[in-house]
Amino acid sequence: MDLNIRDNDGINNARELLSPTQYLLPGFMSGSGGDFVNRVIMEIENSILKPPLEDIENSSEGILEGLAENMNIEKPRIMTTINPPINECLEYIDKDQQCQLIMGKYFADESVILINYKFDMNTLLHLFAHHVHAIEMGRTKYVRVRKLEELRLPWQLRPTEIMAMHRTAHLVRILSPRAWRIYNEEIKPRIRDIEEKISNVRLTVSYLEKQVEHTFNEKRHI
């Protein structure tokens, strides 16, 4: 997977590209439900994507920034997702194994951590450990090694995963109290906010789906 996100501008461009406002209906399509659709789209952007998800990304990067500075390396970029199946499993090879406990994936060629918004500190540090290993080994070589491991070994027997597990324990020991406060006081409340907002938006979208179904049923008998 090539995210094509190599710097801050790349992350910001990706966020802009994925912004629901890209899909707002033009003025001539307003009315007859168009205004309602636009409100739903704006609600997704303003109540889910922009404040809470981006806040989680910024807070997560704040946690990793201190660790990266102590190691004199660049910090990775964080991108959060609501989609649940993001983990280190390789589909059909190590499905239903322990890798599902890691709710994210590290893309070494982009220095990007893609992480589920419900992540715990173990997941964040585990994926950061991959980032440190990739810098030590060289990102190009690391990507090649990871691909071979994924094809030939189950998750818990991959050397890069064993290294990440070991390094995660070390990172937990050196993690500052401030980092734990950031997770507990900034990230956890945002996780709860997102869950509530998702539930509300899904109800609204469900109403829209029922309206479409009702219109279809009315017209198909004409």
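We're numbering straight along the sequence, starting at 1.
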Problem - D120 and L101, any side-chain heavy atoms less than 4.5 Å apart - result: no
Completion exercise
Heavy-atom closest pair (A108 atom, A134 atom, distance to 0.1 Å) is CB-CB, 4.0 Å
Practice task
Working to the nearest 0.5 Å, report the span between CG of L124 and CE of M103.
Solution key: 12.5 Å
Exercise for the section: State plainly whether one hydrophobic cluster holds both L148 and M163, where clusters connect Ile, Leu, Val, Met, Phe, Trp and Tyr through side-chain heavy atoms under 4.5 angstrom apart. Expected result: no
Practice task
Following the transitive rule for hydrophobic clusters with a side-chain heavy-atom cut-off under 4.5 Å over Ile, Leu, Val, Met, Phe, Trp and Tyr, establish whether V112 and V143 coincide in one cluster.
Solution key: no
Problem - pair I135-Y142: side-chain heavy atoms closer than 4.5 Å - result: no
Practice task
Examine distances only and state if a side-chain atom of H131 and a backbone atom of E74 form a donor-acceptor pair shorter than 3.5 Å.
Solution key: yes
Problem - Shared hydrophobic cluster for I113 and L175 (ILVMFWY, side-chain gaps under 4.5 Å) - result: yes
Handout entry: Approximate separation, where rounding is to 0.5 Å, of I73 CD1 and E136 CD
Key = 8.0 Å
Practice task
Decide whether I174 and V172 are clustered together by the hydrophobic rule: side chain heavy atoms of Ile, Leu, Val, Met, Phe, Trp, Tyr closer than 4.5 Å, transitively.
Solution key: yes
Fill in the blank from the handout: Rounded to the nearest 0.5 angstrom, the OG1-NZ distance for T81 and K105 is 14.0 Å
Problem - Smallest separation among heavy atoms of F128 and A68, with atom names - result: CZ-N, 4.0 Å
Fill in the blank from the handout: All heavy atoms of A179 vs all of M121, minimum pair found to be O-CE, 3.8 Å
Handout entry: Cluster check I78, W180: I/L/V/M/F/W/Y, side chain < 4.5 angstrom
Key = yes
Practice task
Establish, from distance only, whether the side-chain atoms of H170 and H166 form a donor-acceptor pair under 3.5 Å.
Solution key: no
Handout entry: Heavy-atom side-chain proximity of R190 to I187 below 4.5 angstrom
Key = no
Exercise for the section: State, yes or no, whether a side-chain contact exists between W155 and I102 at a heavy-atom distance under 4.5 Å. Expected result: yes
Exercise for the section: Show your working on side-chain contact (heavy atoms from CB on, under 4.5 Å) between E57 and I115 and close with a plain yes or no. Expected result: CA-CA 9 Å; E57 290 167 353; I115 200 165; over 6 Å; no
Exercise for the section: Kindly indicate, with the supporting measurements, whether the criterion side-chain contact (heavy atoms from CB on, under 4.5 Å) is fulfilled by L171 and M71. Expected result: CA-CA 11 Å; L171 292 172; M71 297 179 181; 3.3 Å; yes
Problem - Any side-chain heavy-atom pair of P52 and Y117 under 4.5 Å - result: no
Problem - P159 and L153, any side-chain heavy atoms less than 4.5 Å apart - result: yes
Fill in the blank from the handout: Minimal heavy-atom distance between L127 and L114, with the atoms involved, is CD1-O, 4.4 Å
Completion exercise
The reported gap from CZ in R139 to CE in M137 (rounded to nearest 0.5 angstrom) is 13.5 Å
Practice task
With the side chain counted from C-beta on, respond yes when K118 and T123 share a heavy-atom pair under 4.5 Å apart, and no when they do not.
Solution key: no
Handout entry: Test item: E161 side-chain N/O and Q156 main-chain N/O as donor-acceptor pair under 3.5 Å
Key = no
Fill in the blank from the handout: Here the gap from I182 atom CD1 to K188 atom NZ, rounded to the nearest 0.5 Å, amounts to 14.5 Å
Practice task
Drop me the distance from F119's CZ to T80's OG1, to the nearest 0.5 angstrom.
Solution key: 8.5 Å
Handout entry: Working for side-chain contact (heavy atoms from CB on, under 4.5 Å), residues K147 and R144
Key = CA-CA 5 Å; K147 286 181 178 177; R144 190 164 61 246; 6.0 Å; no
Exercise for the section: Please tell me if the side chains of L64 and S60 come closer than 4.5 Å, counting only heavy atoms from C-beta onward. Expected result: no
